Amino acid sequence: MIMDEKSGSYDFKSTEADVQSEWNQNGTFEVSEGSPKPKFYCLAMFPYPSGRLHMGHVRTYTLGDVIARFKRLQGFNVMHPMGWDAFGLPAENAAIKNKVPPARWTKQNIDYMKKQLQSLGFSYDWTREFATCDPEYYRWEQWFFLRMFRKGLVYKKSAWVNWDPVDQTVLANEQVIEGRGWRSNALVERRELAQWFIKITDYAEELLAKLNDLSGWPEKIKLMQRNWIGRSEGLQIRFDPLKESGTGIDVYTTRPDTLMGVTYLAVAPQHPIAREAALKNTDIAAFITAYNQVKMAEADLAKLEKKGVDTGIFVQHPITKEPIPVWIANFVLMEYGSGAVMSVPAHDQRDWEFARQYNLPLKQVIEHPKLGEWDINKSAFVGKGRCINSGDFNSLNFDEAFDAIAEALKSKGLGERQVNYRLRDWGISRQRYWGCPIPIIHCEKCGAVPVPEDDLPVSLPTDVEFDGVTSPIKKMPQWSRTICPNCGGEAERETDTFDTFMESSWYYARFTCNNLDEGMLDDRAKYWKSVDHYVGGEEHAILHLLYARFFHKVMRDEGLVDTDEPFDDLLALGMVLKDGAKMSKSSGNAGDPQHLLDQYGADAVRMAMMFAAPPEQSFEWSEHNVESANRWLRSKLWKTVTQHLEAGPVAMLDKNSLNEYQKDMRRVTHETLMKATDDYGKRLNFNTVVSGVMTLFNELQKFKDESDQGRAVIDEALKTAVLVMSPITPHICTKLWMRLGLGSMDEAKWFTVDEGALRKRVVDVIIQVNGKLRGRIQAPPGVSKDDLSLRARELENVEKFLREEKITRIIHVPDKLLNFVIS
RNA sequence: GCCGGGGUGGCGGAACUGGUAGACGCGCCGGAUUCAAAAUCCGGUUCCUUCACGGGAGUGUCGGUUCGAUUCCGACCCUCGGUACCA
């Protein structure tokens, strides 16, 4: 047993319970908009209620809490809310497995996880809590969707899904394992369904440009978003049919300078040309069928062996009018550009490999700028250079050729300059039950009609049987049968639901006014503005963060918020790994912290997590650290403070009467405080805050001075240590703060560093010979190069390396280093 | 495949602007305390070499820049995250 019952020893159970109940009674973390303090909105990505917390949650929420508590100590009006990203696939899986309706399962999980979060002592304003499956929440999401619908940001088109022919259901990519349905084990087919899309590409330019303003975001995340948006400038080129009757093909290229080297075109297997060709040719039909058996994830498609099939169709080259064969290739994506590419095997490695495989001709049209000669039979030359074998365009460089070819094609109506994005419009239809219903009514006469605002929300029935075969609301005519708001005739509700990224794209704004019945957001959203600090896993670097940035811009354009970006500063956390893989819902409930909380307490769990690694780094979780954190809190922090208090009252610190020994100890205190201020406020490295405080205690342990001023120095050190640790281990620190006679921790203010205390009496200067360490000298700060050089040469171990050598240079880094360079 | 990270003792990590590599903690080893144990405290702990002082090597691999490189540059290997229906 960890606790012993001797009086005065640390009992984390009663301490944590006491402190938490005080927070609850006092409403310590409830905030409003009327404060004279500056506002600070601190948010950690809300969890999917998967059942129990795992260590990834503990890390995210402890980091968020540390930031919130530090900012509170610095005098900010801190809002730190929490809620639930409650719609999603796992609830459906659990419903099938346990025969529980998704709503009930979700509710149970929320109840349990909320208790866990509370027992960890996070400083949440729980009055702002909501779950995204609450109709009061998703009502406004439906309302906002209809605003987008009326703005023309919403449209319908067909798109491909993974179809399980046995379960008669659409599968998510992660539910397709080696080409088979996860439950039925049936071979998955791809199907085309009509789906709703939101025009995020209308905002592509702004989403890209505004990244430059996000100085509080990590460069790596911004870089990933830039690449994801993937802006490029190129040419849309028309290849006309050879015969009048055929169909032409549009391609998009960023290398129009290689147009004269085109030897074939490649189209995606879903391209209309490919489909048409399949009707007449069984080989082509078989090729497309085989392609459609691979799941639609890009990672899987891109890893396919490059394969193609000849359509037998020819189009004409827009300049030379020569016939160009059209192939179908499994590496061409229908979603990007026009679903067709012009292939220049001499100057594109992928085209080159494809041409080799199918014996298609190569034509070199770009000269290597340095080598001149290039053997295109060995590999493609993908660099830029001057045009050759290109008729009128010969000797032009890339830019000149780009312009000349663009002009030539434009005059013939065969080409147009185009800015293209890799970013695709956001498909938001899901053929699932456990999500927010799409508020559209389908009428035979009027088409897709928005549900009138007064009829919102379109509620999802929660008392359902869920067997996994199709969505329950697709089998409930009493739910889907309705009247057309337009013509009053019989009509059907849309039975698809929203992508769950919809909910997480605006929840941060709703926390400002979660109880608002009359609208989506009110002026409180304008008071809290953007999230000042957003904390969450790096796995959300692209999708969630991009969708939320997009939503925010649309909300701004609708006058609902005042700022351009939702998240000013972003802390993108590394993964907590278990056996080398990320901890998540899909890997079961690995890493439930409950037994650790029971055995060692919340402070120990929080401290162990913060001490383990810096936030942005992934690391393998080891429970061992929790025990040692508990030991440190108990036998160092608690015990030292307790013994200090038991030794009686402490005199006032008089800075001017300290001896050198006491000044040295005091310097360590202020160095620790300075480092912690920087680590919390700027570097966001909390592991080094902990190690700094541990070092302070190691120094205190060596400091033996029972004099009045000696004890005053200790007193200051302990108060500093308790303050510095309080964002990480708030329970024990709240109690010790009180005991140290400092009153309520809720009123505490961050300390100021005493610059005078940092001054050093002596510095350690290292002496090197040719960059190798040969000795060290203690000297007063500011010691001159000459003095050092003289003293260094007297050191035997330095002298023996300099003897009989010629010194060519002496490098001096003040107060740090002296390096003798010998030949 | 593509995009973005990461790689430092037995382990987690530190070294913040190119200047003492391994802070702090875990583990392990030795000692104190104890009837004994737990708990606690003290000391040691990169590797090789040396009685010792010291010396040599060393931050994924190979190469480069520099008086000096974990840090900057180039190539490669391994690994993690994302890849648009996991969230």
Side-chain angles (χ1 to χ4, degrees), chain A residues 1-2 4 45 47-48 50 85 88-90 161-162 170-176 218-221 223-224 226-228 230 296-304 306 331 335 350 422-427 429-432 499-501 504 537-544 546-547 572 574-575 577 580-582 584-586 608 611-614 616-622 624-625 627-629 631-632 634-635 639 675 678-679 682-683 685 687-688 690-695 698 701 764-773 776 796-797 800 808-811 813 816-817 819-822:
Chain A
M1 203 46 205
I2 299 308
D4 69 50
M45 291 176 187
Y48 179 80
S50 53
D85 189 15
L89 199 54
V161 295
N162 302 309
V170 174
L171 297 177
N173 284 330
E174 74 159 12
Q175 293 177 310
V176 181
E219 280 307 321
K220 63 168 179 178
I221 306 288
L223 188 54
M224 279 190 265
R226 277 189 200 106
N227 291 339
W228 183 262
M296 40 165 259
E298 192 198 323
D300 294 81
L301 293 174
K303 272 183 262 188
L304 290 177
K306 313 262 176 298
F331 55 81
E335 293 84 5
R350 191 174 59 185
R422 209 189 72 96
L423 178 69
R424 310 199 291 256
D425 277 338
W426 180 10
S429 295
R430 296 293 179 272
Q431 297 68 41
R432 303 189 193 292
D499 176 9
T500 55
F501 277 123
S504 54
E538 65 180 354
E539 72 271 30
H540 295 292
I542 295 172
L543 293 180
H544 161 60
L546 194 66
Y547 291 140
M575 297 283 133
L577 306 173
K582 86 169 177 180
S584 72
K585 301 145 290 304
S586 33
F611 187 49
E616 303 203 11
Q617 191 169 315
S618 296
F619 73 100
E620 176 82 19
W621 171 247
S622 156
H624 218 94
N625 305 324
E627 187 186 340
S628 73
R631 182 187 315 161
W632 187 87
R634 192 159 35 88
S635 61
K639 198 164 134 191
K675 181 155 172 50
D678 190 47
D679 283 349
K682 279 204 218 114
R683 276 189 1 130
N685 268 20
N687 55 331
T688 48
V690 176
S691 68
V693 177
M694 285 174 166
T695 305
N698 292 346
Q701 202 121 1
D764 254 355
V765 180
I766 60 154
I767 310 301
Q768 298 181 332
V769 178
N770 271 0
K772 284 191 194 290
L773 176 68
R776 59 187 75 227
E796 197 200 323
N797 199 49
K800 89 184 187 203
T808 54
R809 259 171 94 185
I810 300 176
I811 287 157
V813 181
K816 280 206 167 155
L817 167 143
N819 184 14
F820 293 98
V821 183
I822 57 178

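Atom set for the values below is all heavy atoms of this structure, side chains included, hydrogens, waters and symmetry mates excluded. Every value quoted in this text rests on a predicted model; they were computed, and no experiment measured them. Reminder, nothing fancy here: chain letters follow the sequence lines and each chain counts from 1.
For A:Arg631, a side-chain nitrogen or oxygen approaches OP1 or OP2 of B:rU40 to under 4.0 Å. For the OP1/OP2 pair of B:rC80 and a distance below 4.0 Å, the side-chain nitrogens and oxygens of A:Lys220 include no atom meeting the criterion. Within the 4.0 Å cut-off from OP1 or OP2 of B:rG68, not a single side-chain nitrogen or oxygen of A:Asn770 is found. Between B:rA84 and A:Arg424, no contact under 4.0 Å exists linking OP1 or OP2 to a side-chain N or O. Regarding contacts with the backbone of B:rC85, a side-chain N or O of A:Arg430 is found under 4.0 angstrom from either OP1 or OP2. Proximity of A:Asn698 to the phosphate of B:rG25: a side-chain N or O atom is located under 4.0 Å from OP1 or OP2. Distances shorter than 4.0 Å separate none of the side-chain N or O atoms of A:His540 from OP1 or OP2 on B:rA87. Remark: A:Gln617 is not in phosphate contact with B:rC80, judged by side-chain N or O atoms under 4.0 Å from OP1 or OP2.
Aromatic ring orientation, A:Trp426 versus A:Tyr547: parallel (interplanar angle below 30°, classes split at 30° and 60°).
Only the C1' atoms considered, B:rU71 is 12 Å distant from B:rU8, to the nearest whole Å. B:rG7 and B:rG58 have their C1' atoms separated by 15 Å, with the value rounded to a whole Å. Between the C1' atoms of B:rA57 and B:rG9, the separation comes to 14 Å (whole Å). Taking the C1' atoms as reference points, B:rU70 lies 15 Å from B:rU61, given to the whole Å. Taking the C1' atoms as reference points, B:rA23 lies 27 Å from B:rA32, given to the whole Å. Using P as the reference atom, B:rC26 and B:rG43 are 14 Å apart when rounded to the nearest Å. Between B:rC73 and B:rU65, the distance separating the two P atoms is 16 Å to the nearest Å. Only the C1' atoms considered, B:rC77 is 32 Å distant from B:rC67, to the nearest whole Å.
Between the P atom of B:rU83 and the NE2 atom of A:His544 lies a distance of 14 Å, rounded to the nearest Å. We find that CG of A:Asn685 is positioned 11 Å from P of B:rC16, with the value rounded to whole Å. Here B:rC3 presents its P atom at 17 Å from CG of A:Leu301, a figure rounded to the nearest Å. With rounding to whole Å, A:Met694 atom CE is found 17 Å from B:rG12 atom P. Atom CZ in A:Phe619 sits about 17 Å away from atom P in B:rC26, given to the nearest Å. Atom-to-atom, CZ of A:Phe331 to C1' of B:rU83 comes out at 19 Å; the value is rounded to the nearest Å. Atom-to-atom, CD1 of A:Ile766 to C1' of B:rC67 comes out at 12 Å; the value is rounded to the nearest Å.
Checking B:rG82, B:rU20, B:rG4 against every side-chain atom of A:Leu223, the shortest atom distance belongs to B:rG4. When each of B:rG68, B:rC41, B:rG13 is scored by its nearest atom to the side-chain atoms of A:Asn819, the top-ranked nucleotide is B:rG68. Checking B:rA14, B:rA87, B:rG12 against the side-chain heavy atoms of A:Asn687 singles out B:rA14 as nearest. Nearest to the side chain of A:Asn797, among B:rG54, B:rG13, B:rU20, sits B:rG54. When distances are taken from the side chain of A:Asn173 to each of B:rG81, B:rA84, B:rU20, the shortest belongs to B:rA84. The nucleotide whose nearest atom lies closest to any side-chain atom of A:Leu817 is, among B:rG19, B:rC85, B:rC80, B:rG19. Among the nucleotides B:rU40, B:rG81, B:rG13, the one closest to the side chain of A:Arg634 is B:rU40. With B:rG12, B:rA84, B:rU40 as the candidates, the nucleotide lying closest to the side chain of A:Arg422 is B:rA84. For A:Ser691, the side-chain atoms get nearest to B:rC24 when compared with the rest of B:rC24, B:rG27, B:rU20. Residue A:Glu174 places its side chain closer to B:rC86 than to any other of B:rA87, B:rC80, B:rC86.
In B:rG82 the O4'-C1'-N dihedral to the base is more than 90° from 0, which defines an anti nucleotide.
Backbone-only engagement by A:Ala612 is indicated by non-hydrogen atom pairs under 4.0 Å involving sugar-phosphate atoms exclusively. At the heavy-atom level, A:Gln701 lies under 4.0 Å from the strands shown only through sugar-phosphate atoms. No contact: A:Lys682 has no heavy atom under 4.0 Å from any strand.
Within 6.0 Å of the NZ atom in A:Lys816, the count of heavy atoms belonging to other residues, nucleotides or ligands does not exceed 12.
The base of B:rG1 sits within donor-acceptor range of the side chain of A:Glu298, with an N or O pair under 3.5 Å. In this model, no side-chain donor or acceptor of A:Gln768 finds a partner on the base of B:rC67 within 3.5 Å. A donor N or O paired with an acceptor N or O is not found under 3.5 Å between the base of B:rC85 and the side-chain atoms of A:Asp499.
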### Task
Evaluate the criterion side chain to side chain donor-acceptor pair (under 3.5 Å) for residue pair A:Asp85 and A:Ser504; output intermediate values, then yes/no.
CA-CA 7 Å; A:Asp85 189 15; A:Ser504 54; 4.6 Å; no
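Residues A:Phe619 and A:Met575 fail the side-chain proximity criterion, which asks for heavy atoms closer than 4.5 Å. When side chains are defined from C-beta on, A:Leu543 counts as touching A:Trp228, because their heavy atoms get closer than 4.5 Å.
A salt bridge links A:Glu627 with A:Arg631: the closest approach of a Lys/Arg side-chain nitrogen to an acidic carboxylate oxygen falls below 4.0 angstrom.
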